[in-house]
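Note that these values count all heavy atoms, side chains included, but never hydrogens, waters or copies made by symmetry. Quantities reported herein were computed from a predicted structural model and do not represent experimental measurements.
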Amino acid sequence: MENKYTEILQGVVHEIPEDMRNRILSDETLLAKWNSLTPLARNEWICWVTAVKRAETREQHIDRLHSDLLNGKRRPCCWPGCKHR
């Protein structure tokens, strides 16, 4: 079944990478939570996911993004923030 909710809002500096976009679009509740974030908060999540070097770590960050947003967190925990803004 194709997801009818396809509008996904971007961050300020970073564009959402495909793997992260696919995860967010796979869950309507996650998409709604993502789109409710401020542009700066979305930017922080994108940078937090893409800043890692290993594919395994990146997948873990995407998993944590999924669970943290569903649990009401608005920003990545224990991270100094995006250095690009």
Side-chain angles (χ1 to χ4, degrees):
M1 183 168 122
E2 186 178 324
N3 187 338
K4 64 180 181 176
Y5 301 97
T6 57
E7 182 181 8
I8 184 167
L9 299 177
Q10 296 290 325
V12 176
V13 177
H14 304 291
E15 290 189 25
I16 302 170
E18 187 175 350
D19 54 349
M20 191 173 166
R21 173 186 296 279
N22 291 340
R23 176 65 72 87
I24 294 168
L25 291 174
S26 74
D27 183 319
E28 291 177 18
T29 304
L30 180 63
L31 177 60
K33 297 232 181 207
W34 174 264
N35 284 340
S36 76
L37 297 173
T38 66
L40 284 176
R42 289 190 298 269
N43 194 72
E44 295 290 316
W45 281 110
I46 296 166
C47 190
W48 181 72
V49 166
T50 60
V52 298
K53 294 180 181 176
R54 295 178 47 219
E56 178 182 317
T57 306
R58 182 176 171 128
E59 185 62 32
Q60 290 169 354
H61 278 212
I62 292 173
D63 289 344
R64 190 161 143 208
L65 159 80
H66 192 146
S67 64
D68 282 358
L69 281 181
L70 292 180
N71 286 318
K73 291 193 177 183
R74 311 274 302 163
R75 302 238 182 186
C77 175
C78 311
W79 185 61
C82 176
K83 64 182 180 180
H84 304 103
R85 57 183 173 119

Once side-chain hydrogen bond (donor to acceptor under 3.5 Å, both in side chains) is applied, do any residues pair with Asn35, and if so which ones, sequence neighbours excluded?
none
With a 4.5 Å limit on heavy-atom distance, are the side chains of Cys47 and Glu44 in contact?
no
Nearest heavy atoms of Ile46 and Pro17, plus distance in Å:
CG2-CD, 4.1 Å
Cluster check Leu69, Leu9: I/L/V/M/F/W/Y, side chain < 4.5 angstrom
no
Separation between CG of Asn22 and CE of Met20, rounded to the nearest 0.5 Å:
11.5 Å
Residue pair Arg23 / Asp63, side-chain heavy-atom distance below 4.5 Å:
yes
Using side-chain hydrogen bond (donor to acceptor under 3.5 Å, both in side chains) as the criterion, list what pairs up with Gln10, not counting sequence neighbours.
none
Ser36: which residues meet the side chain to side chain contact (heavy atoms under 4.5 Å, CB included) condition with it, sequence neighbours left out?
Arg74
Atom pair CH2/CG of Trp45 and Asp68 - distance to nearest 0.5 Å:
4.5 Å
Between CG of Leu70 and CG of Leu65, what distance do you get to the nearest 0.5 Å?
8.5 Å
Can you pull the salt bridge (Lys or Arg N to Asp or Glu O under 4.0 Å) pairs that have at least one residue in residues 9-21, sequence neighbours excluded?
Asp19-Arg58
Just how far is it from atom CD1 of Ile16 to atom CG of Leu25, taken to the nearest 0.5 Å?
8.0 Å
Is the shortest side-chain heavy-atom distance between Leu37 and Arg75 below 4.5 Å?
no
Please identify each residue that fulfils ring-ring contact (aromatic ring centres under 6.0 Å, His included) with His61, with sequence neighbours left out.
Trp48
Only pairs at least two apart or in different chains count here, so list each ring-ring contact (aromatic ring centres under 6.0 Å, His included) that has a residue in residues 14-42.
His14-His84
With rounding to the nearest 0.5 angstrom, report the CG to NZ distance, Asn71 to Lys33.
8.0 Å
